[in-house]
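First up is the structure itself, then whatever we jot down about it.
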Protein chains: 2
Amino acid sequence: MSFSSRHAISTHILMVLACCPETKASSDMLATSVNTNSVVIRRLLAKLRDAGIVKVQKGADGGYSLARVPSHISLWDIFEAVEELPLFNVHQSPPNPCCSVGACVERLLASVYEEAEDSIRALLSDKSLQDLVNDIAKS
Amino acid sequence: MSFSSRHAISTHILMVLACCPETKASSDMLATSVNTNSVVIRRLLAKLRDAGIVKVQKGADGGYSLARVPSHISLWDIFEAVEELPLFNVHQSPPNPCCSVGACVERLLASVYEEAEDSIRALLSDKSLQDLVNDIAKS
DNA sequence: CCATATGTAACAGCATCGGTTACAATTGTC
DNA sequence: GACAATTGTAACCGATGCTGTTACATATGG
């Protein structure tokens, strides 16, 4: 199973916020850019708010803005905020412990999966929102 | 969304086959070790057969065995055989192209996601079934 | 011929995702 | 204070995917 599009959508939203640092954006405006419903946007922004990535002002003339500079928001920060971890699942029902493989396969795989998650974390942590904004200019 | 347990189950099955290279294993016996239904096992083995990882003998006294030595079966081979690629999804409906971010965000993210997938591929390709079998002995 | 296997379709139960409607709560402006 | 704009969130829908199960067709060794 692949990941949801939540990371892609969230990154999209945050890039828009990063491009207009002076103004607050409403969920409606962001939904138009992403081409989806504003509730979908608000749900994601609630997670990003809980993770301390965006600031929210409620009420009339309210809206969303980044809680810190784009160079200090990594793609992994976003991933952690909106996706479920861990990336890999082991067995749902525990394997038969009487089998010599069954007795230890979960532990062995958990270690491999941890390494895999680490490599993704390292890679996404190394790329900031600011990097992506700079890439727009370059292209 | 995390991955399914298919990779973990498949690796488990293949480790059992690797441990008994002389004998064929039935889906029923493998299901007992994994602690699930034999149809679940046969479904996975059909994918592994299509990928050229296991050999199948049908009929009475039939069963499954590895199609090549465990040192030449990597965890990535297994992953490719039973999981859907790509790992990451971009937007479902295309973003608004009138927005300067919307116009290019998919392309920028696709490049990041490709790097992430490459790093997972490299890591899993580097670990063979034989390595895991050796790990059993070590533990 | 029969017992034992695999192959696979069909269905159920469950979870998650993305989208939508509806409405409560908050807050700036007049 | 009234009102309009906005966020917060619950509730529901349809689609999809995963795991497990039953059922049955097919193949094959003895």
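Naming convention: chains lettered A, B, ... in sequence-line order (proteins, then strands); numbering from 1 in each chain. From a predicted model like this one, the values you see are computed outputs, not experimental measurements. Values below: all heavy atoms of this structure, side chains included; hydrogens, waters and symmetry mates excluded.
- The interatomic distance linking A:His7 (NE2) with C:dC17 (P) rounds to 15 Å, in whole Å.
- Scanning for salt bridge (charged side-chain N to carboxylate O under 4.0 Å, His left out) contacts around B:Lys47 gives an empty result, with sequence neighbours left out.
- The NZ-P distance, from A:Lys24 to D:dT6, rounds to 10 Å in whole Å.
- The side-chain hydrogen bond (donor to acceptor under 3.5 Å, both in side chains) pairs that include a residue from residues 111-120 of chain A are A:Tyr113-B:His7, A:Asp118-A:Arg121, A:Ser119-B:Ser119, where partners are two or more places apart or lie in different chains.
- Relative to the side chain of B:Ser5, the nucleotides D:dT19, D:dT7, C:dG7 differ in distance, and D:dT19 lies closest.
- Among residue pairs with one or both ends in residues 54-74 of chain A, those qualifying as salt bridge (Lys or Arg N to Asp or Glu O under 4.0 Å) are A:Lys24-A:Asp61, A:Arg68-A:Asp77; sequence neighbours excluded.
- Counting non-hydrogen atoms of other residues, nucleotides and ligands closer than 6.0 Å to CD of A:Gln57 gives a total above 12.
- With sequence neighbours excluded, no residue satisfies side chain to side chain donor-acceptor pair (under 3.5 Å) with A:Thr32.
- For B:Ser27, the side chain to side chain donor-acceptor pair (under 3.5 Å) partners two or more places apart in sequence, or in a different chain, are B:Arg42.
- Relative to the side chain of A:Val56, the nucleotides D:dG20, C:dT8, D:dT7 differ in distance, and D:dT7 lies closest.
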What string of B, S and - do you get for nucleotides 25-30 of chain D, 5' to 3', when a contact is any protein heavy atom under 4.0 Å? --BBS-
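- Residue B:Arg42 contributes atom CZ, which lies 14 Å from atom P of D:dG20 at whole-angstrom precision.
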Just the atom pairs and distances: protein N or O near nucleotides 10-16 of chain D's N or O, under 3.5 Å.
| residue | atom | partner | partner atom | Å |
| --- | --- | --- | --- | --- |
| D:dA11 | N6 | A:Arg43 | NH1 | 3.3 |

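- Taking atom CD1 of residue A:Ile9 and atom P of nucleotide C:dG19, one finds them 7 Å apart after rounding to whole Å.
- Counting only heavy atoms from C-beta on, B:Ser26 has its side chain closest to C:dA5 among D:dT7, C:dA5, C:dT8.
- In this entry the distance linking CG of B:Asp50 with P of C:dT6 reads 16 Å, nearest Å.
- Pairs passing the salt bridge (Lys or Arg N to Asp or Glu O under 4.0 Å) check and including a residue from residues 122-131 of chain A, sequence neighbours excluded, read A:Lys127-A:Asp135.
- The side chain of B:Arg49 places an N or O atom within less than 4.0 Å of a non-bridging phosphate oxygen (OP1 or OP2) of C:dT8.
- Listed by chain and number, the residues in a side-chain contact (heavy atoms from CB on, under 4.5 Å) with B:Ala110 amount to none (sequence neighbours excluded).
- Whole-Å rounding puts the A:Lys55 NZ to D:dT6 P distance at 19 Å.
- Side-chain contact of A:Ser33 with A:His12: a donor-acceptor pair under 3.5 Å is present, judged by distance alone.
- OP1 or OP2 of C:dC17 has at least one side-chain nitrogen or oxygen of A:Arg6 nearer than 4.0 Å.
- Side-chain N/O atoms of B:Ser27 include one lying less than 4.0 angstrom from OP1 or OP2 on C:dT6.
- Contact check, A:Thr36 against C:dG18: no side-chain N or O comes under 4.0 Å of OP1 or OP2.
- Taking the C1' atoms of five terminal pairs at each end of the helix from C:dC1-D:dG30 to C:dC30-D:dG1, the two resulting helix axes are inclined by 10°, rounded to 10°.
- Between the C1' atom of D:dT6 and the CD1 atom of A:Ile41 lies a distance of 15 Å, rounded to the nearest Å.
- Checked against side chain to side chain donor-acceptor pair (under 3.5 Å), A:Glu83 has the following partners two or more places apart in sequence or in another chain: A:Ser4.
- Distance CE (B:Met29) to P (C:dT4): 17 Å, rounded to an integer number of Å.
- In this structure, of C:dT6, C:dT21, D:dC18, it is C:dT6 that holds the atom nearest to the side chain of B:Tyr64.
- In this structure, A:Val112 is a member of the same hydrophobic cluster as B:Trp76, with clusters built from ILVMFWY side-chain heavy atoms closer than 4.5 Å.
- For A:Thr11, there are no side chain to side chain donor-acceptor pair (under 3.5 Å) partners at least two apart in sequence or on another chain.
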